[in-house]
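For ligands, and for the atoms within them, numbers begin at 1 and follow the listed sequence.
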Amino acid sequence: MENTAKKRILSGIKPTGELTLGSYIGAIKNWVSLQDEYDCLYMLADMHSITVRHDPAVLRRRTLEQLAQYIACGLDPEKNILFIQSHIPAHAELAWVLNCYTMVGELNRMTQFKEKSAKHTENINAGLYDYPVLMASDILLYNADLVPVGEDQKQHVELCRDIAARFNGIYGDVFKIPEPFIPKLGARIMSLDDPASKMSKSEESNGSVLLMDEPNIIKAKFRRAVTDSETCVRYDPENKKGVSNLMTIYSVCTGYTYEQIENDFSGKGYGEFKTAVGDAVVETLRPIREEAKRLLADKAYLNSVITKGAENAGRIAYRMLSKVYKKVGFYRP
Ligand code: TYM
């Protein structure tokens, strides 16, 4: 599986909350399209999930569910290394080293930290603050060339580049400097009931469509989606955030361009458009939901994928960690 001729990709999703249409469109769908051309590692970022208070039993359950959903979305465990972050202690070990090459001022600038600490004022822990360094370690351990993520993670990938460049500046070419890889379409899917904010996993409302939602739930969420006071289906993300978001979702699910969508729905009301979007999402997610359910019933298979993933990822990660330990001068007999 390790093929040095191909460029390497690493990405991951936290098993916090259920996977949403946002994580599918912004991340997983692109991962699937990259799996033949690149040497890919896709991670379940469970260590990132504990920076906010969580239920351990739920985290365990969601980790397995998320793996089933990765595979159901089309990520082939024979082509990609699918692994659980906490199975590779090298992530935490490299993060410690990288902490010593990351400036507090850089972490202070992280938008996500500012947002999350404003939201969880009772639990602004050091892990939440240090999270981007762990993410840098996730990426640098594997010499990733590209990191496919949605728009909200771009700042973290840029910090990772800065940390890597600083380290390389001192010790020579140790790390590859990774590039963020942001999809042209759907890099930021917005909440259906608040089109000014991102569709998020933590949101337990009408605004987030979950990968595992049943068709009637999905359709109802789209029927209630917030639009505007006009009646015209037109792509204008500045002034028509709700409608434009629905158009992006529809475009991703059907392959139609914005222009085609505008033409098809010209003179028709929002009701008809929202129904069409809901139906398209139902048909996109139906095979994923069914396959994920089937896979979840086969725990032995999922566990075999996890074991193989840990072996393959661990081999790459420890090679890099020992290189780093040597560079910084940790003594080995
Ligand atoms: P996370 O778990 O919040 O999100 C996972 C991926 O989904 C994308 N995404 C979206 N894209 C478009 N619209 C949305 N509404 C939307 N919501 C989520 C995110 O941009 C992301 O790509 N720190 C990361 C996980 C991580 C990681 C890594 C990623 C840990 N280590 C190393 C890449 C490389 C995170 O919290 O993503």
task = Measure from the side-chain N and O atoms of Q35 to the backbone N and O of D76, and report whether any donor-acceptor pair falls under 3.5 Å.
result = yes
task = Keeping the roles fixed (side chain from K240, backbone from C232), state whether a donor-acceptor pair exists under 3.5 Å.
result =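 Checking the backbone N and O of C232 against the side chain of K240, a donor-acceptor pair under 3.5 Å is found.
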Nearest-option assignment for [atom], heavy atoms, candidates [options]:
{"atom": "atom 17 (N) of ligand 1", "options": "K29, M199, K154, R188", "answer": "M199"}
{"atom": "atom 4 (O) of ligand 1", "options": "K201, H48, Q112", "answer": "K201"}
{"atom": "atom 13 (N) of ligand 1", "options": "I189, L141, T51", "answer": "I189"}

Between [X] and [Y], does any side-chain donor sit less than 3.5 Å from a side-chain acceptor?
{"X": "Y250", "Y": "Q260", "value": "no"}
{"X": "E262", "Y": "Y258", "value": "no"}
{"X": "T51", "Y": "Y129", "value": "no"}

Salt-bridge criterion met for [X] and [Y] (N-O under 4.0 Å):
{"X": "R8", "Y": "D145", "answer": "no"}
{"X": "E115", "Y": "K119", "answer": "no"}
{"X": "R166", "Y": "E106", "answer": "yes"}
{"X": "R294", "Y": "E291", "answer": "yes"}
{"X": "D152", "Y": "R188", "answer": "no"}

Structural part of [X] in contact with ligand 1, heavy atom criterion under 4.0 angstrom:
{"X": "A187", "result": "backbone"}
{"X": "V147", "result": "side chain"}
{"X": "T16", "result": "neither"}

Could you find the nearest protein heavy atom to [atom] and give me its residue, atom name and distance?
{"atom": "atom 37 (O) of ligand 1", "result": "Q153 NE2, 3.6 Å"}
{"atom": "atom 3 (O) of ligand 1", "result": "K14 NZ, 3.1 Å"}
{"atom": "atom 10 (C) of ligand 1", "result": "G22 O, 3.4 Å"}
{"atom": "atom 22 (O) of ligand 1", "result": "G150 N, 3.1 Å"}
{"atom": "atom 31 (N) of ligand 1", "result": "D138 OD2, 2.6 Å"}
{"atom": "atom 5 (C) of ligand 1", "result": "I13 CG1, 3.4 Å"}
{"atom": "atom 6 (C) of ligand 1", "result": "A27 CB, 3.7 Å"}
{"atom": "atom 26 (C) of ligand 1", "result": "G12 O, 3.8 Å"}

Out of curiosity, is [X] lining ligand 1, as in a heavy atom under 4.0 Å away?
{"X": "H156", "result": "no"}
{"X": "D152", "result": "yes"}
{"X": "S191", "result": "no"}
{"X": "M190", "result": "no"}

Which ligand 1 atoms does [X] reach within 4.0 Å, using its non-hydrogen atoms?
{"X": "L10", "value": "32 (C), 34 (C)"}
{"X": "M43", "value": "28 (C), 30 (C), 31 (N)"}
{"X": "G186", "value": "12 (C)"}
{"X": "Y131", "value": "23 (N), 24 (C), 35 (C), 36 (O)"}

query = Between E18 and R62, is a salt bridge (charged side-chain N to carboxylate O under 4.0 Å, His left out) present by the stated rule, with each step listed?
reply = CA-CA 7 Å; E18 307 284 330; R62 281 203 176 125; 3.2 Å; yes
message = Ring centroids only, cut at 6.0 angstrom: are F175 and F167 within range, meaning strictly under it?
response = yes
key: Aromatic plane relationship, H156 with Y131 - under 30° parallel, 30 to 60° tilted, over 60° perpendicular   = tilted
